[in-house]
Structures are given as C-alpha cells and as structure tokens.
Amino acid sequence: MREVTRRRWRVVFDAVLALFLAFIVVSDTVDARAYWEMAGGFAVVLGSVATARRFPVVSLGVALAGALVVPFPYGNRLPVWVIFVLVAMCYQAGLRMPRARPGLLLGGAVAVLGLPLSLLVGEDGLGDWAELVTMLVFAGLSPWLLGRYVRLRGELARTGWRRAEEMESRQRLVADQARLRERARIASDMHDSLGHELSLIAVRAAALEVAGGLDDGQRGAAAQLRTSAAAATERLREIIGVLREDAAPVEPVQGDLGELIARARASGLLIDSTVDSAQAPPMVTLAAHRVVQEALTNVAKHAPGAAVTVRVTSSDAQTEVSVVNATPPAGPLPGAASGHRGLIGLRERVRLVGGTLRAGPHAGGFAVTATLPHDAAPVEETAELREAADDAVGQPTSARALELARRDVRRSLIQAVGIPLGLFAVVIGVAGIAFLYLWNSSELPGPVYDRLRLGQPRAEVAPLLPGNQRSARPTRGEPPLPPVPGAACEYYGTGRSFLNNDYAAYRLCFADGKLVSKDEFAEGVS
C-alpha cells in the first residue's frame, strides 16, 4: 500500500512539473510569436519529464538538445524557458543517473554541436555559442552536479552504515576470539596448577596406602582418596581439553613477575619496577602477570625506547597493577598496527577474577592499570559493558566508517559547488581579457575621425584606422545606412569608458573604395 501511494505521488509530481515547465514555455514564446519554438519547447518538456525516472540519460539528452535553440534568432532574445528546463531536468538526471560519464559526454556533444550552429545561423556567431556554453555550465552542469551530490550522499550514508555494521560484527568476532584465547590460557594455567596439586595428593595417598601401621579400613580410605584424585585429574584434563579445542593454541604463563621484568630489561626496555604480590591468590597473581606481560609487549611494539614504570602492590583485599610508559623518543615503529586483541584478552582475564582494567593515553604516553580483588566473583558481562569496553581500547569501527562517509560527502559537495564556480571564474576571466583587448584595440581617436573626409580613398583611410572593429556597439539609435549600393560599414570605438552604459561608436561606410559616410551615434540617440 505504501508503494502504491508513493507511485501516485510521483505521478502527481511529474505532472505538476510538466505543467509548470509548459507554462514557462508559453509565457516566454507567445509574446515573440515564436510558435515553432513553442512547439519544440513542448516536445522537450514532454520528452524529458516522461523519461526522467526510467531513462534518466534519455531525459538529460532531450533537455540538453532543447538548449540548441539558443543560436537561432527568435526576436533577438534569450530563451528563458531553456534555463528552467535545464535546471529542473538536469537535477533530476543527476539524482537518478548511476554513472557520470554519459552526462558529461552528452553535455560535451551539445557544446560541440552548438558551435557550427552558432556560426551558421546565429546573429552573433561566437557570442551565441558562448551564451550557449554559459547556459550549459550554470543551468545544466551545476544542477546536475547538485543532483549527483544528493544521490552520492544517500548512497554513502546507506553504504557507510552497512559497512559499519559489517565491520562492527567483525570487530565483535575478533574480540570474542581474543576472549576465547584468554580463557584457553586461563584453562592452561588451571591445568598446570590444579593438575600438579591433584597429582601430589594422589602420590601422598598412594604412599599412605602402602605405609605400615594402618589397618584395612585406613588403607581402603587411602586407596579411595588416591582413586578420587586420579579421577579428578583425568576429569580436569578432559574439561581443559574441551576448552582448548574452542580457541587457538596459547602459551601458558611462565615464571614470576621478577623473571618477566628481568627478561624485558634484557631485551632493552628501560624499566623502573616495584613488585609486591606475595599476598595475592594464585589466580590473581597470574592475572597480574598477564597484565604486566601484555603492557610491556605493547611498549616494545608501539613505544620503542620509552621509559616504563611498573608498580604491583598487594594488600589483604586486592592487588593494584600499573604499567605506565613515557612518550617514545622516536615515535612508534613504522607499520606497527594494533588490533587491541591483547587488551581485549586482558580485560577478559581481569573480569574473570572480578577486577577492572583501564587502558588509555597518559601524559604523552600510555597507561595500563588493573585492580584485582583477592576474593571476588567474576563480573557479569553485559552487552553494554562489552560495547563500552571495546570502545575504550580503540575508536569504534562504525564511527570510523561514518567519518569516512561524511568525508566523501563533503568532498562531493565541494566538487558540486567548486567546479561551476571555477568554470565561471575561467569564463569570466577569459571573456574579460578578450573584451578589454578588443575594446582597446578598436578605439578610433577623435582627432583622426575629425580629419576624415567624405570621398577620401579607402587606401588613405586604412593606415589611420585601428586593427580591430568594435564588437560591443549600440543596438539602438544607429542612423540609417547610406543609400549607396554595395556600401560596407565598419564600427570603431569613440574612447568612452566601457563602464558607461551610454555606448557610443563611430560608423564608417565605404563604397567603390571611397568613404561615403561617417557617423557618430550612441544608445538611444539618432
């Protein structure tokens, strides 16, 4: 139902647009009695509007073809209806065309075709062609680029959000893999520590079983204890094996914090350390070891040469871990990219012991701090907590994708506005330079004009005349041409400023090689 309503509104919009453009055609041509132009305008409006939605390239071609009426002399006027049709239909075409190349080719073809038409049928030749090109640029290209911008903005918004969702899902997958990896590492630690303790229990129970001085009941209890310890060890091995199958192989935590820091110093890191974790439970000690290990690895990778401060302090209730590095003297290693997987795994390790992890820039460097309680249950992992934690270790992927989409939209807007303005500046600059050159090179000094005599041979007058004739001259107030068969007239400037709207010109007419008339006239003066 919604789609049907949308189609009806589209039909209404197209009908209203066609009626409006047809009204502009009638209003612009009826006073000039340009009925053939009126019929052509109706055909252009009907063809461009009817094909705008299904065949936007055809619609654009029809609208641009209508601009070719500019060079034809219809009452020496500018066809305003062409401007309205170009603005409306070029915008519609830019909004619906998937590719830009057909539009550029059509515009270039019309501009090229307009040149011979202007020279053959136009009253002002190159002037009519320049008028056509100007109309194509500002009434055709600008709206078309605006339509392309609106289309590109919508596509980029949809594509950007879709890509952001895909990358966000990928980021969640990477984070889940990092969590599984850390859980597998925890499982390895549990297997190493608990398996060792259970093995010792089984060994002691076996020793009791064969020891002398025990009755049969005591030996049976020792045998049951040995069997239970062996069964618990086997069950632990099976459970840990299942956990290891869900994640990639990992290296277990080896050595204590002192050995870890000593190895890091031996590799070249500048470390100032204070370690006191004697009162911490085993799982908390392992978590503190992982925090320091990952933080030192990140310093070596992303801040080579930076001084590092390691603080691990324990109390009866909790253990505090802090690893802070200063600003690296030479900057990060080139090509060292971070996916934040290590920090995600650390956060999982800290969460499972009920602690909190904070990681971020600090005084030009980077700081990793963790609070590890000694007797706390794992923090429940909610969707909000996971999203906030993922964002804390790096800019959200969706935000980066959205920023890229906005950057592309801004670039297309700059192009839509800057290209027409640039072309306008070029056209105005070239036209201005050409106009000033022709204006100054077509000026006939007043004393020279006064010395000219009727009947003077053209050969004597030619050396006194400027090299160019005046192209911008009064269109009204010109005296009648001399009644001499075959008279040819030339127009020159009088020296007045072109800023003066009261244009003035000298007219010199020659026949049979002699000057037959000389006149000075201005706009509105006869």
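Computation of the quantities below employed the complete heavy-atom set of this structure, encompassing side-chain atoms and omitting hydrogens, waters and symmetry-equivalent molecules.
Rounding to the nearest 0.5 angstrom, the gap separating the CG atom in Leu260 from the OG1 atom in Thr297 is 8.0 Å. Remark: Cys90 SG to Leu95 CG distance equals 12.5 Å, nearest 0.5 Å. The CG atom of Leu60 lies 15.0 Å from the CZ atom of Phe55; values are rounded to the nearest 0.5 Å. Expressed to the nearest 0.5 Å, how far CD of Gln318 lies from OG1 of Thr313 amounts to 8.5 Å.
Here Asp14 pairs with Arg53 under the side chain to side chain donor-acceptor pair (under 3.5 Å) rule; sequence neighbours left out. Residues passing the side-chain contact (heavy atoms from CB on, under 4.5 Å) test with Ala306, sequence neighbours excluded: Ala303, Asn325, Pro328. For Arg54, there are no side-chain contact (heavy atoms from CB on, under 4.5 Å) partners, not counting sequence neighbours. Ala100 meets the side-chain contact (heavy atoms from CB on, under 4.5 Å) test with Trp144, Arg148; sequence neighbours excluded. For Thr309, there are no side chain to side chain donor-acceptor pair (under 3.5 Å) partners two or more places apart in sequence or in a different chain. Qualifying side chain to side chain donor-acceptor pair (under 3.5 Å) partners for Thr369, counting only residues two or more places apart in sequence or in other chains: Arg358. Applying the salt bridge (charged side-chain N to carboxylate O under 4.0 Å, His left out) rule to Arg151 yields the partners Glu155; only residues at least two apart in sequence or on another chain are considered. Listed by chain and residue number, nothing satisfies the side chain to side chain donor-acceptor pair (under 3.5 Å) test with Asp375 (two or more places apart in sequence, or in another chain). Partners of Arg7 under the side-chain contact (heavy atoms from CB on, under 4.5 Å) rule, at least two apart in sequence or in another chain, are Glu3.
Counting heavy atoms from C-beta on, the side chains of Ser142 and Leu145 never come closer than 4.5 Å. When side chains are defined from C-beta on, Arg8 does not count as touching Val11, because their heavy atoms never get closer than 4.5 Å. Val324 has its side chain out of reach of Val308: every pair of non-hydrogen atoms, C-beta onward, lies at least 4.5 Å apart. Between Leu136 and Leu141 there is no side-chain heavy-atom pair separated by less than 4.5 Å. A 4.5 Å side-chain heavy-atom check between Val310 and Leu296 finds at least one atom pair inside the cut-off. Between Thr356 and Arg347 there is no side-chain heavy-atom pair separated by less than 4.5 Å. Side-chain contact between Leu106 and Val110 is absent, with no heavy atoms from C-beta onward closer than 4.5 Å. In this structure, Arg96 and Ser59 have side chains that are not in contact, with every pair of non-hydrogen atoms separated by 4.5 Å or more.
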How far apart are the C-alpha atoms of Tyr91 and Val150, what are their side-chain angles, what is the distance that settles it, and do they pass the side-chain contact (heavy atoms from CB on, under 4.5 Å) test?
CA-CA 10 Å; Tyr91 173 79; Val150 174; 3.9 Å; yes
Would Met89 and Leu21 count as a side-chain contact (heavy atoms from CB on, under 4.5 Å) here? Give the steps.
CA-CA 10 Å; Met89 304 318 302; Leu21 295 178; 4.2 Å; yes
For a side-chain contact (heavy atoms from CB on, under 4.5 Å) check, start with the C-alpha distance between Asp276 and Val312, then their side-chain angles and the critical distance, and finish with the verdict.
CA-CA 6 Å; Asp276 177 19; Val312 181; over 6 Å; no
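The salt bridge (Lys or Arg N to Asp or Glu O under 4.0 Å) contacts involving residues 360-373 comprise nothing, where partners must be two or more places apart or lie in separate chains. Counting only residues at least two apart or on different chains, the salt bridge (Lys or Arg N to Asp or Glu O under 4.0 Å) pairs with a member in residues 308-320 are Asp272-Arg311.
In Phe84, the CZ atom is not crowded: 12 or fewer heavy atoms of neighbouring residues, nucleotides or ligands sit closer than 6.0 Å.
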